[in-house]
Amino acid sequence: MSSEKKPYKEWIKENENKWIFGGIITICFAILAPILIFFLSKSSFTFDSFANLGTVGDFLGGSTVGLLSLASILFLISTIVMQRKELGLQREELRMTREELAKANEQYRITNETMKLQQFETTFFNMISMHSNLINDLKALESSGRNVIVQFLKEVNKGFETEGFHSFLLDHFRKFDDIKEWYNYYSTYINYINNLNHYSGVKLQEMQGLSRISDLKNKLDEGRYLNSYNVPYIEQIYLLTFDEIKKYNKKDTAHEFSRLFRDELLNGANSYKKKSFVNVNEILNFPLSNYIKSVRTIIRFLDDTDFENTTKNKYLNIFFSQFTIHEITVIKYFIELGQEDELKRYFNRYSSLNTKEVLKDSLI
């Protein structure tokens, strides 16, 4: 007996085989029944003998057909059991096929996502590499590379501390219709900071009388903002420089002028900062326009993906980890003082971009 054939005991345990075995026995009994009756009757093999067995034959015919019908029913039951078993095997095979198909689909999905991620990372890091090359190719203000960004920030801050500061003083000075009113107002501020610092060296009443201030005001009204030494007339009127007022302001003086300087010029969301930024950018012929465009393009490329925000923040961290403090500050300048509404939306959306790092002498 080969190893593929089942032993008789295992074969007979299967339900369909029991029904088949019963059907075979029934057929055998149906065949053997008339033969056994013939021999048990001790009849001879003559025509008359067979004629005498006619009644018995009718009985046997009725009973044998019944047995054969019973055998047919047993075989039918066996067939049904076998078909049910085959259907069960087919269902199991179908279930396994579906599981394999699901595994194959999952594997395909993982492979597809891996390929998409690889394609994204290849493009993303190539864009970062191109951005680094763009920085290295920057040339302006007699500088190159990242030094251009540093010099640009210095020029913007310098413009704010000069033109922005002078505009603030002019706007403040023109609020007063009467020279005496301004003189009395500002004298209290000078005296206040002299008392605050014990002695600051500033003596408004001794250095300038009303006639001197009136003369300077007339020149301002004529549109003459600088004297022959390139010193703004308005600065001659107020006597103090930007750095000096800023230094006194740090002492938290209670005078209204100190508050105006702090709230309107230093901390205020007004036009002084923006005007200084726009003027310097135009004078220098927009030296960082391609740089900002590159930053915007990389962030937009990442924002357009179907990644979750946590994944996007991870890649933004990689991108921004290469930025110097000057780069972060100049981007904030373009967002707060320029027209970078798209970048502003990205910075509001992603936590990785909401860095608090700014230069200590930054306008923002």
Side-chain angles (χ1 to χ4, degrees), residues 1-27 68-134 293-323 341-355:
M1 183 180 294
S2 63
S3 58
E4 296 180 357
K5 293 182 179 180
K6 294 182 179 179
Y8 173 75
K9 290 183 178 180
E10 294 183 8
W11 181 85
I12 198 65
K13 287 180 180 180
E14 297 181 359
N15 290 333
E16 68 273 17
N17 294 334
K18 292 179 181 179
W19 293 109
I20 293 173
F21 186 71
I24 293 173
I25 292 176
T26 303
I27 292 174
L68 292 176
S69 298
L70 178 61
S72 299
I73 293 173
L74 294 176
F75 286 133
L76 180 60
I77 294 173
S78 175
T79 303
I80 293 173
V81 172
M82 292 176 66
Q83 288 180 345
R84 186 177 66 178
K85 188 173 183 180
E86 288 295 328
L87 289 173
L89 292 173
Q90 289 179 1
R91 284 195 296 268
E92 180 65 19
E93 185 177 354
L94 182 60
R95 183 188 64 80
M96 294 175 65
T97 302
R98 288 176 177 173
E99 289 180 355
E100 290 297 326
L101 184 60
K103 291 179 181 179
N105 289 338
E106 179 66 16
Q107 187 64 35
Y108 173 78
R109 185 188 64 80
I110 294 174
T111 302
N112 188 45
E113 289 183 355
T114 302
M115 291 180 62
K116 286 174 60 178
L117 182 61
Q118 289 176 346
Q119 292 174 354
F120 163 78
E121 288 187 343
T122 299
T123 305
F124 179 73
F125 289 111
N126 283 339
M127 293 176 75
I128 291 180
S129 178
M130 293 173 62
H131 180 75
S132 298
N133 293 335
L134 184 148
K293 182 179 179 180
S294 176
V295 172
R296 188 194 320 120
T297 302
I298 293 174
I299 298 177
R300 183 194 301 140
F301 170 72
L302 182 57
D303 182 68
D304 289 340
T305 63
D306 55 0
F307 296 148
E308 295 181 354
N309 277 1
T310 53
T311 303
K312 292 180 180 180
N313 274 313
K314 180 184 74 173
Y315 285 104
L316 287 173
N317 277 330
I318 294 174
F319 180 38
F320 264 62
S321 65
Q322 304 180 57
F323 282 26
D341 294 334
E342 184 179 357
L343 269 181
K344 188 172 185 178
R345 289 196 302 271
Y346 294 145
F347 271 67
N348 291 334
R349 185 179 306 166
Y350 299 111
S351 60
S352 297
L353 304 180
N354 291 329
T355 174

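Remember, predicted model here, so these are calculated numbers, not experimental data.
Atom CZ of R109 has more than 12 heavy atoms from other residues, nucleotides or ligands within 6.0 Å. E93 CD: 12 or fewer foreign heavy atoms inside a 6.0 Å radius. Other residues, nucleotides and ligands contribute at most 12 non-hydrogen atoms within 6.0 Å of the CD atom of E308.
L343 and R296 make their closest contact through CD2-CA, 4.0 Å (heavy atoms, listed as atom of the first residue, atom of the second, distance). Closest of all the heavy-atom pairs between K116 and D306 is NZ-OD2, 3.8 Å. Counting all heavy atoms, side chain and backbone alike, R349 lies closest to D303 at NH1-OD1, 2.7 Å.
Remark: side-chain polar atoms of S129 are not paired, donor with acceptor, to backbone N or O of F125 under 3.5 angstrom. Using modelled atom types, no side-chain atom of N112 and backbone atom of Y108 make a donor-acceptor pair closer than 3.5 Å.
With a 4.5 Å cut-off on side-chain heavy atoms, I298 and V295 do not count as touching. Counting heavy atoms from C-beta outward, Q118 and T114 have side chains that approach closer than 4.5 Å. E342 is listed as a side-chain neighbour of R345, based on a closest heavy-atom distance under 4.5 Å.
To the nearest 0.5 Å, atoms CD1 (I110) and CG (N105) are separated by 11.0 Å. Going from atom CZ of F347 over to atom CG of L316 covers 9.0 Å, rounded to the nearest 0.5 Å. Interatomic distance, H131 NE2 to I128 CD1, rounded to the nearest 0.5 Å: 8.5 Å. With values rounded to the nearest 0.5 angstrom, L87 atom CG is found 11.5 Å from L94 atom CG. To the nearest 0.5 Å, atom OG1 of residue T97 and atom CZ of residue R91 are 14.0 Å apart.
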> Taking it one step at a time, do R95 and E99 satisfy salt bridge (charged side-chain N to carboxylate O under 4.0 Å, His left out)?
Replying inline: CA-CA 6 Å; R95 183 188 64 80; E99 289 180 355; 2.3 Å; yes

> Would M130 and L134 count as a side-chain contact (heavy atoms from CB on, under 4.5 Å) if you check the C-alpha gap in whole Å, the side-chain angles of each, and the deciding distance to 0.1 Å?
Replying inline: CA-CA 6 Å; M130 293 173 62; L134 184 148; over 6 Å; no

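By the 30° and 60° cut-offs, the orientation of the rings of F301 relative to F120 is parallel. Between F307 and Y315, the angle of the ring planes stays under 30°, which puts this pair in the parallel group of the 30/60° scheme.
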